[in-house]
Number of protein chains: 2
Amino acid sequence: MVRKPTSRETARKPNMREAILAAAEELFATNGFNAVSVRDIAHAAGANPGSVTYHFKTKDGLLLEIYRRHCGPMNLRRSELLAAARHVRDLQDRLEAIVRAYVVPAFTSGSDLAGGGARFTRLRAVMSAEGNEVARKIIAQTFDDTSHAFIDAIHESLPHIPRTDIVWRSHFLLGALYYSLVTPDRVSRLSRGETDGSDAAAAIEQLVQATAAAFQAPALDQAAPARRRTPASSKT
Amino acid sequence: MVRKPTSRETARKPNMREAILAAAEELFATNGFNAVSVRDIAHAAGANPGSVTYHFKTKDGLLLEIYRRHCGPMNLRRSELLAAARHVRDLQDRLEAIVRAYVVPAFTSGSDLAGGGARFTRLRAVMSAEGNEVARKIIAQTFDDTSHAFIDAIHESLPHIPRTDIVWRSHFLLGALYYSLVTPDRVSRLSRGETDGSDAAAAIEQLVQATAAAFQAPALDQAAPARRRTPASSKT
DNA sequence: ATGTGATTTGTACTATCGTACAAAAGATCA
DNA sequence: TGATCTTTTGTACGATAGTACAAATCACAT
């Protein structure tokens with residue numbers, strides 16, 4: 001159990017800043033932003049409340065730093081995987097690879113923290129639900145590029161599906177992804193113990209399989225809800 | 001001057017209790033539970049803070065009453081629609097009808113309040129994300145029956161798909177449904193204005209179409225992960 | 001009109017919030 | 001070593017939180 005730490009890990013333990021970030025990330029992700037006090041975070045990190053102010057100035061600043069810490073690596077990993085997925089020959093395999101490129105980093109990537117990816121994604125889900133302003137700004141300017149690239153890749157693979165439909169379906173994917181991380185216990189409960197909802201590998205495979213099928217569903221013309229299904233495809 | 005309208009059932013003046021409930025519902029659904037103060041609610045309802053205490057005793061009691069108000073009608077409507085959907089002949093149509101039975105009441109049903117269904121469902125999404133204890137208890141004991149009935153209906157229509165997969169996919173459906181109500185603006189933004197994310201009818205149709213396809217995706221054998229269509233990625 | 005019970009108001013109490021700031025403690029290097 | 005900079009601690013302040021409660025007000029049967 002006792003292991004000689006490498007040079008990179010050595011600086012971690014006494015680093016109070018990192019401990020605060022990790023504690024805040026965990027608490028925000030599970031309880032929301034407003035339910036967690038700066039004192040809660042400091043206590044969980046074994047730090048003094050004043051120390052949080054010193055390192056991050058404000059509570060918003062702390063949240064901002066959490067995003068800054070994760071957004072870069074995660075989107076980098078996504079674009080790498082997406083670039084590779086674009087070259088897959090078989091359509092079905094390519095769709096799955098594209099979805100995987102979007103989903104996998106959300107579960108595993110992030111900073112070098114263990115399980116940081118899933119924790120950060122859950123945090124994003126919660127901030128989104130709470131309508132957090134700090135998060136909203138960062139999300140729009142950081143993730144929209146990635147989302148568009150992902151949508152474009154899907155659209156290229158499924159040119160007969162209107163872009164609007166693909167936007168909706170990718171939106172559903174993100175919602176499903178978020179919800180899987182927010183309440184994994186619900187899956188365990190409803191499956192009567194046959195599955196562990198917090199099993200990341202299982203969640204990823206289920207999500208990829210289901211979403212790849214959803215993207216391939218017949219197109220929907222939404223111009224007029226009362227109108228029946230027609231193969232009209234109008235590009236504006 | 002003011003005519004007295006006979007019996008006690010008449011809504012003489014806007015019932016303050018209802019106004020408080022509506023205001024709380026709206027504020028909780030958009031900002032979360034902890035971010036909204038009792039004073040905020042009272043002010044939005046044009047009431048006095050003390051009046052909230054009088055009618056609902058505590059802030060938790062207020063949330064509890066919101067749930068009590070909506071859960072019954074919504075689940076009743078769901079079971080009605082589900083019962084009808086089970087009898088649809090064509091498999092594809094039946095799947096869509098079942099999904100619709102789950103989705104439509106979440107958008108439209110609820111109490112007699114205008115647009116109350118979507119608002120309450122959004123509130124549930126936010127409470128779920130925040131890990132609200134009051135909501136968690138009610139959800140588990142009120143919605144699990146409905147969820148099981150829904151899963152059973154899908155499973156009967158798709159007997160070759162393992163129940164576990166259906167649980168996952170219905171979980172994704174709920175996540176997608178929640179997310180559509182939480183951040184409809186994201187759909188508008190990503191579609192570059194081609195679609196209005198807050199258009200309930202469009203959201204429902206997109207959700208039904210995508211989810212019906214997802215349920216029909218090939219089964220996933222996770223008990224014995226020997227066979228895989230795509231090469232397994234050994235890297236995390 | 002008057003009494004009565006149901007509501008609404010105004011206010012106050014205590015706890016906790018985010019944040020500020022000075023002093024103490026470490027760390028670094030001449 | 002002492003000087004200087006960084007980090008941590010302890011404490012305090014004003015704002016606001018949830019809730020309690022007495023007084024004021026209202027609806028309405030008598």
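The sequence lines fix the lettering, A, B, ..., with proteins before strands; numbering per chain opens at 1.
Between B:P49 and A:G50, it is A:G50 whose nearest contact on DNA chain D lies nearer the 5' terminus.
Checking side-chain atoms of A:S188 against main-chain N and O of A:G197 turns up a donor-acceptor pair under 3.5 Å. Side-chain N or O atoms of A:S198 include none that pairs as donor or acceptor with a backbone N or O of A:P184 at under 3.5 Å.
With respect to B:R69 and B:E25, no salt bridge is recorded, no charged nitrogen being found less than 4.0 Å from a carboxylate O. For B:R122 and B:E26, the salt-bridge test fails: no basic side-chain N is under 4.0 Å from an acidic carboxylate O.
One can place NZ of B:K57 at 10 Å from P of D:dT19, the figure rounded to the nearest angstrom. The CG atom of A:L27 sits 12 Å away from the P atom of C:dC17 (whole-angstrom rounding). One interatomic measurement links the two molecules: CG of B:N34 to C1' of C:dG18, which rounds to 15 Å at whole-angstrom precision. Atom CG of B:N15 is separated from atom P of D:dC26 by 17 Å (rounded to the nearest Å). The nearest whole Å value for the distance from the OH atom in A:Y54 to the C1' atom in C:dA23 is 15 Å. Taking atom CD of residue B:E18 and atom P of nucleotide C:dT8, one finds them 12 Å apart after rounding to whole Å. If you measure from atom CG of B:L63 to atom C1' of D:dT19, you get 17 Å, rounded to the nearest angstrom. Following rounding to the nearest Å, A:L62 (CG) and C:dC17 (P) show an atom-to-atom distance of 15 Å.
Contacts with DNA chain C (heavy atom under 4.0 Å) in residues 37-44 of chain A: A:S37, A:V38, A:R39, listed by number.
The side chain of B:S51 sits closest to C:dT9 out of D:dT9, D:dA20, C:dT9. Checking D:dT6, C:dT19, D:dT19 against every side-chain atom of A:T53, the shortest atom distance belongs to C:dT19. Nearest to the side chain of B:H55, among C:dA20, C:dT7, D:dG10, sits C:dT7. Among the nucleotides C:dT8, C:dT19, D:dT8, the one closest to any side-chain atom of A:K59 is C:dT19.
Under the side chain to side chain donor-acceptor pair (under 3.5 Å) criterion, the residue pairs touching residues 29-40 of chain B are B:S37-B:D40, with sequence neighbours excluded.
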Enumerate, atom names and distances included, each donor-acceptor pair closer than 3.5 Å involving a side-chain atom of residues 137-145 of chain B, sequence neighbours excluded.
unit_1	atom_1	unit_2	atom_2	d
B:T142	OG1	B:I138	O	2.8
B:D144	OD1	A:R189	NH2	3.1
B:D144	OD2	A:R189	NE	2.7
B:D144	OD2	A:R189	NH2	3.3

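At D:dG10, one or more side-chain N or O atoms of A:N48 fall inside 4.0 Å of OP1 or OP2 (strictly under the cut-off).
With A:Y179 as the partner, the side chain to side chain contact (heavy atoms under 4.5 Å, CB included) test is satisfied by one option alone out of B:F172, B:Y178, B:Y179: B:Y178.
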